[in-house]
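Following: one structure in structure tokens, then a few remarks.
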Amino acid sequence: QVQLVESGGGLVQAGDSLRLSCVVSGRPFSTFIMAWFRQAPGTEREFIAYIQRSSSPTDYGDFVKGRFTISRDNAKNTVYLQMNSLKSEGTAVYYCAADARLYADTRSQAYEFWGQGTQVTVSS
């Protein structure tokens with residue numbers, strides 16, 4: 001059974017940085033493309049970034065504009081999302097997602113496995 005567990009969320013102020021982590025178990029981590037999404041109340045799940053199995057290529061949502069970096073450590077079964085210059089509109093539940101079939105996809109419905117999410121609240 002594949003499990004994804006996110007951590008690292010919390011309450012920060014606008015302009016602060018935060019690093020999210022997601023640990024994957026149940027299947028070899030290197031078989032997955034990994035992605036981060038976020039969802040604010042009343043909105044659809046929004047693509048943040050994905051990272052390919054060998055750490056390249058990566059892709060980011062338009063709103064990221066160089067502020068976030070996705071990375072992975074295949075030895076630790078972990079994907080990270082470094083978020084800098086956080087904005088108040090970044091308040092949301094942040095989810096990591098995994099899929100063993102895809103090459104690359106920005107659509108949430110394409111990913112098979114999901115974590116439970118971690119709350120990020122950015123105060124202005």
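Numbering starts at 1 and runs along the sequence shown.
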Quick one about Asp73 and Thr78 (side-chain donor to acceptor, distance below 3.5 Å, no hydrogens or angles considered), yes or no?
no
Verify, without hydrogens or angle tests, whether [X] (side chain) and [Y] (backbone) share a donor-acceptor contact under 3.5 angstrom.
X      : Y      : result
Glu6   : Gln116 : yes
Arg45  : Ala40  : no
Thr118 : Ser7   : no
Tyr95  : Ala35  : no

Do Arg107's NZ or CZ and the ring of Phe47 fall within the cation-pi criteria of under 6.0 Å and 45°?
no
How long is the span from the [atom1] atom in [X] to the [atom2] atom in [Y], to the nearest 0.5 Å?
X     : Y      : atom1 : atom2 : answer
Asp99 : Tyr50  : CG    : OH    : 13.0 Å
Gln1  : Ser25  : CD    : OG    : 8.5 Å
Ile33 : Ser54  : CD1   : OG    : 10.0 Å
Arg19 : Gln82  : CZ    : CD    : 7.0 Å
Arg38 : Ser108 : CZ    : OG    : 14.0 Å
Tyr94 : Trp36  : OH    : CH2   : 10.5 Å

Can you name the closest pair of heavy atoms from [X] and [Y] and give their distance?
X      : Y     : result
Ile51  : Arg72 : O-NH1, 3.5 Å
Ala100 : Arg27 : CB-NH1, 4.1 Å
Asn74  : Ser30 : ND2-CB, 3.9 Å

Applying a strict under-4.5 Å side-chain criterion to I, L, V, M, F, W and Y, I'd like to know whether Tyr60 and Leu18 cluster together.
yes
Taking the side chain as everything from C-beta on, heavy atoms only, tell me whether [X] gets closer than 4.5 Å to [Y].
X      : Y      : value
Val120 : Thr91  : no
Val24  : Val79  : no
Leu20  : Met83  : yes
Lys76  : Phe29  : no
Glu112 : Arg101 : yes
Pro57  : Tyr103 : yes
Gln13  : Ser123 : yes
Thr121 : Val12  : no

Between Val64 and Ile48, does the side chain to side chain contact (heavy atoms under 4.5 Å, CB included) criterion hold? Intermediate values first, please.
CA-CA 7 Å; Val64 171; Ile48 301 173; 4.2 Å; yes
Can you check side chain to side chain donor-acceptor pair (under 3.5 Å) on Asn84 and Ser17, steps first, answer last?
CA-CA 4 Å; Asn84 300 326; Ser17 297; 2.9 Å; yes
For Lys87 and Arg67: C-alpha separation, side-chain torsions, deciding distance, then whether side chain to side chain contact (heavy atoms under 4.5 Å, CB included) applies.
CA-CA 10 Å; Lys87 302 178 181 180; Arg67 296 181 297 119; 3.9 Å; yes
Per the ring-ring contact (aromatic ring centres under 6.0 Å, His included) rule, what does the pair list look like for residues 104-124, sequence neighbours excluded?
Phe32-Phe113, Phe37-Tyr111, Phe37-Trp114
